[in-house]
Amino acid sequence: MTTPPNPLERFIRQQGTIILDGGLATALEARGCDLDDDLWSARVLVEDPALIRDVHLEFLRAGADCVLTSTYQATIAGFRGRGLTDAEAEALIRLSVSLAVEARDLFWSRSENRKGRMRPLVAASVGPYGAALADGSEYRGAYGLSTDQLHAFHQTRWHLLAESDADLLACETIPSRHEVEALLRLLRETPRRWAWISCSCRDGLHLSDGSPMAAVARMCDENPRVAAVGVNCTSPDVVSTLIGEIKRSTDKPILVYPNSGERYEAATRGWTSSPSAIDWESASAEWARRGASGVGGCCRVGATEIELMRRRLVT
């Protein structure tokens with residue numbers, strides 16, 4: 001059986017950098033959505049799924065080469081807590097991928113969108129265990145769970161997404177070395193699938209749980225189906241240093257899609273004010289210079305910032 005190529009490589013080879021999208025929840029809130037909910041952006045998947053497709057289109061028009069599905073906080077347990085059956089929860093997870101694929105295909109069906117572009121990708125978002133707790137644990141990683149327990153938590157959703165029409169899986173905001181180990185085990189269970197591993201970090205050297213970024217990158221390097229290693233929902237101030245740490249341990253592509261530099265406060269489910277404005281064009285160029293093959297944004301980063309990054313990095 002022929003092994004499919006890493007779907008990121010054609011973008012890196014042909015245009016130098018792949019442009020990721022921005023914060024889905026941020027874009028939904030800008031459209032008036034109330035996400036003060038344990039399901040966060042997955043609440044809109046239940047209540048107004050067409051709006052999610054519209055946000056994907058917004059990021060594609062801004063220049064994103066890859067859109068991430070709304071499954072970051074969409075879990076069987078979370079939907080069950082909303083009174084849905086497991087079958088209904090699984091259907092919503094599949095719907096999330098369908099919405100992103102529909103948006104991509106609609107965007108690509110218009111000839112004017114193909115000028116200077118490559119057919120965008122859809123990445124199925126695999127959020128951390130901490131996201132399901134809805135208490136900010138993805139920025140701490142101190143779960144108190146074993147690798148086996150984390151594997152069990154992720155297993156059903158992982159296989160649903162692995163069987164979907166997504167081009168690859170995006171394991172993102174992963175704060176814990178044990179959780180990375182669990183996800184790498186799941187990737188080995190689906191050998192024809194590619195996935196990227198992107199971590200949340202507390203500084204320029206460590207994941208949120210204190211594990212060294214270089215050591216985690218080394219673990220990822222040993223798995224041939226890891227499409228890229230990266231960091232996200234991390235302060236832009238430490239991204240350049242983290243790129244260096246990843247480069248110490250792997251030659252795989254590096255993806256960086258930080259938040260706006262604000263800090264999430266779990267008690268209020270809100271973000272503190274950013275200490276300073278970020279020049280996204282200059283910052284993305286610096287990250288690319290240091291070795292990032294893909295750039296984008298996470299929380300509090302919108303379509304305007306994605307457009308700036310594309311303008312700077314992709315001619």
Side-chain angles (χ1 to χ4, degrees), residues 38-42 68-69 71-78 93 123-162 166 168-190 193-235 238 242 245-246 249-250 252 254-259 264 266 298-299:
D38 285 354
L39 288 176
W40 200 37
S41 56
L68 280 71
T69 64
T71 44
Y72 175 84
Q73 207 149 322
T75 63
I76 304 297
I93 289 171
S125 174
V126 179
Y129 172 75
L133 300 179
D135 65 356
S137 291
E138 61 264 54
Y139 305 111
R140 298 188 299 273
Y143 301 149
L145 299 183
S146 68
T147 300
D148 286 345
Q149 288 171 312
L150 290 166
H151 174 275
F153 166 79
H154 283 289
Q155 191 169 31
T156 299
R157 179 176 59 172
W158 178 280
H159 284 280
L160 284 170
L161 295 174
L168 74 167
L169 277 64
C171 306
E172 52 178 353
T173 328
I174 308 303
S176 157
R177 178 174 181 155
H178 288 307
E179 193 157 23
V180 172
E181 291 172 347
L183 293 166
L184 291 176
R185 186 190 302 177
L186 286 163
L187 184 55
R188 288 192 291 272
E189 293 175 11
T190 51
R193 272 298 186 179
W194 290 90
W196 77 59
I197 304 289
S198 183
C199 300
S200 75
C201 297
R202 68 186 190 189
D203 56 36
L205 300 175
H206 305 94
L207 272 64
S208 296
D209 74 340
S211 299
M213 183 71 245
V216 171
R218 201 154 40 243
M219 289 167 45
C220 294
D221 186 69
E222 295 171 357
N223 189 311
R225 308 304 289 175
V226 172
V229 183
V231 296
N232 75 290
C233 219
T234 295
S235 173
V238 298
L242 286 162
E245 290 299 294
I246 296 171
S249 301
T250 184
K252 290 181 182 290
I254 298 173
L255 306 180
V256 295
Y257 50 117
N259 58 36
Y264 182 73
C298 201
C299 293

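All figures in this text were calculated on a predicted structure; none of them were measured in a lab.
- Counting heavy atoms from C-beta outward, Met213 and Cys201 have side chains that approach closer than 4.5 Å.
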| task | Would you sort out whether Leu184 and Ile197 count as a side-chain contact (heavy atoms from CB on, under 4.5 Å), showing the intermediate values? | result | CA-CA 9 Å; Leu184 291 176; Ile197 304 289; 4.3 Å; yes

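- No side-chain heavy atom of Val126 sits under 4.5 Å from any side-chain heavy atom of Thr71.
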| task | Report the C-alpha separation of Thr234 and Arg202 in whole Å, then their side-chain angles, then the decisive distance to 0.1 Å, and conclude whether the side-chain contact (heavy atoms from CB on, under 4.5 Å) test is met. | result | CA-CA 7 Å; Thr234 295; Arg202 68 186 190 189; over 6 Å; no

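- Dense packing is recorded around CZ of Phe153, with more than 12 heavy atoms of other residues, nucleotides or ligands lying under 6.0 Å away.
- Remark: the Ser249 side chain and the Asp221 side chain contain no N/O donor-acceptor pair separated by less than 3.5 Å.
- For Thr69 (side chain) and Ser125 (main-chain N/O), a donor-acceptor pair under 3.5 Å exists by modelled atom type.
- The closest donor-acceptor contact from the side chain of Asp209 to the backbone of Arg177 lies under 3.5 Å.
- Side-chain contact annotation: Glu138 with Ser208, donor-acceptor N/O pair under 3.5 Å absent.
- For the pair Val256 and Asn232, the minimum side-chain heavy-atom distance is 4.5 Å or more.
- Atoms CZ and CG, from Arg188 and Leu183 in turn, are 10.5 Å apart once rounded to the nearest 0.5 Å.
- Minimum heavy-atom separation, Cys233 to Ser200: O-CB, 4.5 Å.
- Rounded to the nearest 0.5 Å, atoms CH2 (Trp196) and CG (Leu168) are 5.5 Å apart.
- Using a 4.5 Å heavy-atom threshold, the side chains of Cys171 and Trp158 count as touching.
- Closest approach of Thr173 and Pro128 over heavy atoms only: O-CG, 3.3 Å.
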| Could you go step by step and tell me if Cys298 and Tyr72 meet the side-chain contact (heavy atoms from CB on, under 4.5 Å) rule? | CA-CA 12 Å; Cys298 201; Tyr72 175 84; over 6 Å; no

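- Rounded to the nearest 0.5 angstrom, Lys252 NZ and Cys220 SG are separated by 8.0 Å.
- Between His154 and Gly127 the shortest heavy-atom distance is CE1-O, 3.1 Å.
- Atom NE2 of His206 is surrounded by more than 12 heavy atoms from other residues, nucleotides or ligands within 6.0 Å.
- Looking at heavy atoms from C-beta onward, Glu189 lies in side-chain contact with His159 at the 4.5 angstrom threshold.
- The distance from atom CG of Leu242 to atom CG of Asp203, rounded to the nearest 0.5 Å, is 7.5 Å.
- Here the shortest heavy-atom pairing between Ser211 and Val216 reads CB-CG2, 4.2 Å.
- Atom CD of Gln155 sits about 11.0 Å away from atom CG of Leu160, to the nearest 0.5 Å.
- Under a 3.5 Å cut-off, the side chain of Ser176 and the backbone N or O of Glu179 do form a donor-acceptor pair.
- Tyr257 is listed as a side-chain neighbour of Glu172, based on a closest heavy-atom distance under 4.5 Å.
- No side-chain donor-acceptor contact under 3.5 Å links His151 and Glu181.
- Side-chain N or O atoms of Tyr143 include one that pairs as donor or acceptor with a backbone N or O of Gly130 at under 3.5 Å.
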| said: Asp148 vs Ser146, test: side chain to side chain donor-acceptor pair (under 3.5 Å). Steps then yes/no. | reply: CA-CA 5 Å; Asp148 286 345; Ser146 68; 5.1 Å; no

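- Arg225 places a side-chain N or O within 3.5 Å of a backbone atom of Arg193 that can act as its donor or acceptor partner.
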| Verdict with supporting geometry, Ile76 and Arg157, side-chain contact (heavy atoms from CB on, under 4.5 Å) | CA-CA 7 Å; Ile76 304 297; Arg157 179 176 59 172; 5.6 Å; no

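- When all heavy atoms of Leu169 and Ala162 are compared, the closest pair comes out as CD1-CA, 4.2 Å.
- Between the Gln73 side chain and the Ala131 main chain, a donor and an acceptor come within less than 3.5 Å of each other.
- To the nearest 0.5 angstrom, Ile246 atom CD1 is 12.5 Å from Arg218 atom CZ.
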